[in-house]
Amino acid sequence: MFEKYKKVYKADYEKWYKENEAYRQRVAADQDRLKFHLMPKTGWLNDPNGLCQFNGTYHIYYQYTPFEPTGELKTWGHYTTKDFIHYEDFGPVVFPDEDMDAHGVYSGSAFIEDDTIHYFYTGNLKYFDRDDYDYINSGRGSNTITFTSKDGYEFTKKELLMTTDDYPADMSNHVRDPKIFKKNEKYYMVLGARDVEGVGMILLYESTDLKNWTYKNRITTPQKFGYMWECPDLFEMDGQLYIICCPQGVETQGIDYENVHQVTAMKLDYDFDTDKYEIKDIKLFDRGFDFYAPQTMETEDGRRILIGWMQSWDNPMYPDTQRYSGMMTVPRELSMKGGRICQKPVRELENYRSNVISYDNVCIHEETELKGISGRSIDLEIALKGKEYGKFRIKLAADEKHYSEIIYDKDEKTLTFDRTHSGFKKDTISTRSMYVSDKKDVINLRILVDRFSVEIFVNDGEQVMTSLIYTPVDASGISFASNGNTHLDVTKYDIEVK
């Protein structure tokens with residue numbers, strides 16, 4: 001019914017929806033689906049788009065292919081929520097149905113002003129009929145498109161703002177993912193870009209009316225840092241500008257940049273009068289396997305909330321590539337601590353904690369299970385204390401054959417997540433590590449486990465690891481082990497969503 005790189009209309013979806021009730025019921029009945037993460041009801045989900053809060057309701061739009069789990073036809077899906085736990089599904093709401101976006105409604109954002117939501121996205125075109133077609137420099141058109149809404153549900157007609165011809169002449173055809181930032185009564189648009197030499201960067205445009213945009217500058221590092229900077233987000237926290245973006249193709253440096261597709265946070269000092277700037281203090285934003293394309297929004301109570309795609313182009317899609325694929329991270333509150341961005345699960349999650357079990361100052365020196373500390377839908381808080389050990393290990397989602405491990409090496413000051421034994425394919429590197437600080441000989445961990453996902457927040461969110469695991473869902477054991485005496489505080493909460 002649907003062909004890749006052909007227009008898709010709302011009527012096409014409605015016909016498909018009527019004919020595929022059995023498919024939807026099979027997916028809904030799957031007991032392995034995550035309990036407190038946003039997942040597609042059918043098909044494929046990836047990048048969060050258009051995040052905003054409007055009149056008390058959070059709107060989450062996202063890259064969505066309802067028809068099949070391989071992500072070939074891109075629409076914008078739409079969920080709303082009041083608490084980041086219960087979501088109302090409005091299905092696909094923006095379709096690739098015009099000449100300017102015929103081959104995909106790609107990623108974009110939302111900007112609220114004067115009781116109006118202004119949406120921006122990339123309309124994708126593929127030029128397969130060109131004799132000089134190639135994937136990078138002459139194979140696509142990247143159109144920047146806008147539309148608006150007064151309520152988040154009904155939308156105005158799409159308007160074309162810029163085409164490939166409006167970007168600098170030395171750009172490749174890879175320019176996409178607009179995000180809006182306002183400063184000194186002017187609007188700025190950042191676009192992820194790749195030039196013809198394969199250098200990643202951000203293009204900066206300026207406007208006074210959100211309709212007419214003028215090229216202002218390119219933002220990049222003095223030395224090449226990847227070949228494409230996708231999904232840029234420009235915002236300010238505590239008076240400091242930050243760019244969160246996804247540089248592709250950064251060379252691995254020790255335990256850094258081990259994924260092909262990274263997510264980094266960069267401090268940006270920018271003079272909007274002279275256009276002089278400096279990028280500094282580039283840090284990996286998440287050290288796990290499965291975190292990409294995050295986007296932030298400012299909420300009505302002043303928080304900056306981030307949601308990321310909890311998956312990766314590099315890893316197999318799970319849990320069921322025959323029916324659905326993709327999920328979002330737990331939304332995260334961003335804050336500043338010691339000059340760096342910290343991430344914590346949104347406070348709303350705490351309203352769904354139950355069945356608390358807690359242990360204080362337990363001494364661990366051999367493999368130990370603590371009664372009641374187990375589960376596959378849990379919020380686990382752990383404090384590792386003391387100096388009398390070299391390594392401490394946590395086995396998660398464990399049975400006799402399958403488990404994932406979190407290993408803290410006190411001497412090397414590294415925390416490693418290892419999913420070698422979780423059922424992941426053996427020919428792939430299955431560990432990720434990061435350096436952590438043990439202030440006053442204490443490491444604080446908060447670990448969210450939800451069926452097939454693990455999100456690890458270290459020292460109040462100073463560092464984060466997000467990964468999928470492949471352990472059978474009935475493997476729910478947790479054990480602790482140490483090669484010395486580790487004193488442990490641990491509290492486990494079940495997360496129950498009804």
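Looking at every heavy atom in both residues, Leu125 comes nearest to Ala102 through CD2-N, 3.6 Å. Heavy atoms only, all atoms of each residue included: Leu210 and Trp213 are closest at O-NE1, 3.2 Å. In terms of heavy atoms, Tyr257 sits closest to Thr252 at O-OG1, 3.0 Å. Nearest approach of Tyr23 to Pro66, heavy atoms of both residues: CE2-O, 4.1 Å. When all heavy atoms are compared, the tightest approach of Asp273 to Asp271 is N-OD1, 2.8 Å. Looking at every heavy atom in both residues, Pro40 comes nearest to Tyr64 through CB-CE1, 4.0 Å.
Side-chain atoms of Thr466 never come within 3.5 Å of backbone atoms of Gly288 as a donor-acceptor pair (strictly under, hydrogens ignored). Without hydrogens or angle criteria, Tyr121 side chain to Arg176 main chain gives no donor-acceptor distance under 3.5 Å. No side-chain donor-acceptor contact under 3.5 Å links Arg376 to the backbone of Val449. Looking at Ser422, its side chain never comes within 3.5 Å of a backbone N or O of Thr471 through a donor-acceptor pair. Side-chain atoms of Ser109 do not come within 3.5 Å of backbone N or O of Gly50 as any donor-acceptor pair.
Between Lys183 and Glu236, at least one side-chain N (NZ, or NE/NH1/NH2) sits under 4.0 Å from a carboxylate O, which counts as a salt bridge. Electrostatic pairing of Arg340 and Glu462 does not count as a salt bridge here, judged by no charged N lying under 4.0 Å from a carboxylate O. The residues Glu455 and Arg446 are annotated as not salt-bridged, no charged nitrogen and carboxylate oxygen being separated by less than 4.0 angstrom. Under 4.0 Å is where a charged nitrogen must lie from a carboxylate oxygen, and between Asp101 and Lys158 at least one such pair does. Ionic pairing of Glu333 and Lys344 is not present here: no N-O contact between side-chain nitrogen and carboxylate oxygen is shorter than 4.0 angstrom. Salt-bridge annotation for Glu154 and Lys150: absent, with no side-chain N of the basic residue lying under 4.0 Å from a carboxylate O of the acidic one. Using a 4.0 Å cut-off between charged side-chain N and carboxylate O, Lys179 and Asp177 make no salt bridge. Looking at Asp450 and Arg33, no side-chain N of the basic residue comes within less than 4.0 Å of a carboxylate O on the acidic one, giving no salt bridge. For the pair Arg218 and Asp275, the salt-bridge criterion is not met [side-chain N within less than 4.0 Å of a carboxylate O]. Note on Glu278 versus Lys267: no salt bridge recorded, every NZ/NE/NH1/NH2 to OD/OE distance being 4.0 Å or above.
With hydrogens and angles left out, the side-chain atoms of Asp418 and Thr420 include a donor and acceptor closer than 3.5 Å. Side-chain N/O atoms of Thr148 and Thr156 include a donor and acceptor closer than 3.5 Å. With 3.5 Å as the limit, one finds no donor-acceptor pair spanning the side chains of Thr116 and Asp114. Between the side chains of Tyr61 and Tyr119, at least one donor-acceptor pair of N or O atoms lies under 3.5 Å. Between Ser312 and Asp290, the side chains place no donor N or O within less than 3.5 Å of an acceptor N or O (distance only, hydrogens not considered). If you check the side chains of Asn173 and Tyr127, you find no donor sitting under 3.5 Å from an acceptor. Asn137 and Asp134 form no side-chain donor-acceptor contact under 3.5 Å, judged by distance and modelled atom types alone.
Evaluated for a side chain to side chain contact (heavy atoms under 4.5 Å, CB included) with Tyr106, the options Asn143, Asn49, Asn124 yield exactly one hit, Asn124.
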Check against ring-ring contact (aromatic ring centres under 6.0 Å, His included), Phe84 and Tyr58:
CA-CA 8 Å; Phe84 294 118; Tyr58 299 104; 4.2 Å; yes
Take His59 and Tyr153 through the test ring-ring contact (aromatic ring centres under 6.0 Å, His included) and record every step on the way to the result.
CA-CA 9 Å; His59 293 267; Tyr153 306 97; 5.3 Å; yes
Please walk me through it: do Glu405 and Arg419 pass salt bridge (charged side-chain N to carboxylate O under 4.0 Å, His left out)?
CA-CA 6 Å; Glu405 294 182 291; Arg419 61 181 184 185; over 6 Å; no
Test Arg287 against Asp256 for salt bridge (charged side-chain N to carboxylate O under 4.0 Å, His left out), laying out the working first.
CA-CA 8 Å; Arg287 310 286 303 213; Asp256 292 339; 2.6 Å; yes
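Two residues are said to be in side-chain contact when any heavy atoms from C-beta on lie closer than 4.5 Å; Phe225 and Thr220 fail this criterion. Using a 4.5 Å heavy-atom threshold, the side chains of Glu258 and Gln253 count as separate. Taking the side chain as every heavy atom from C-beta outward, Asp47 and Cys231 approach each other to under 4.5 Å. You'll find the side chain of Tyr242 reaches within 4.5 Å of the side chain of Phe235, heavy atoms only.
Among residues at least two apart or in separate chains, ring-ring contact (aromatic ring centres under 6.0 Å, His included) pairs with a member in residues 170-190 are Phe111-Tyr187, Tyr135-His174, Tyr188-Phe272.
Ring pair Trp309/Tyr292 is perpendicular by interplanar angle, where above 60° counts as perpendicular and below 30° as parallel. Using a 30° and 60° split on the angle between ring planes, Tyr13 and Tyr17 fall in the tilted class, from 30° to 60°. Ring pair Tyr205/Tyr215 is perpendicular by interplanar angle, where above 60° counts as perpendicular and below 30° as parallel.
Remark: aromatic rings of Tyr62 and Tyr79 are close, center separation under 6.0 Å. Here the two rings, on Trp16 and Phe67, have centers that are under 6.0 Å apart. Between Phe147 and Phe155, the gap from one ring centroid to the other is short of 6.0 Å.
More than 12 heavy-atom neighbours from other residues, nucleotides or ligands sit within 6.0 angstrom of NZ on Lys182.
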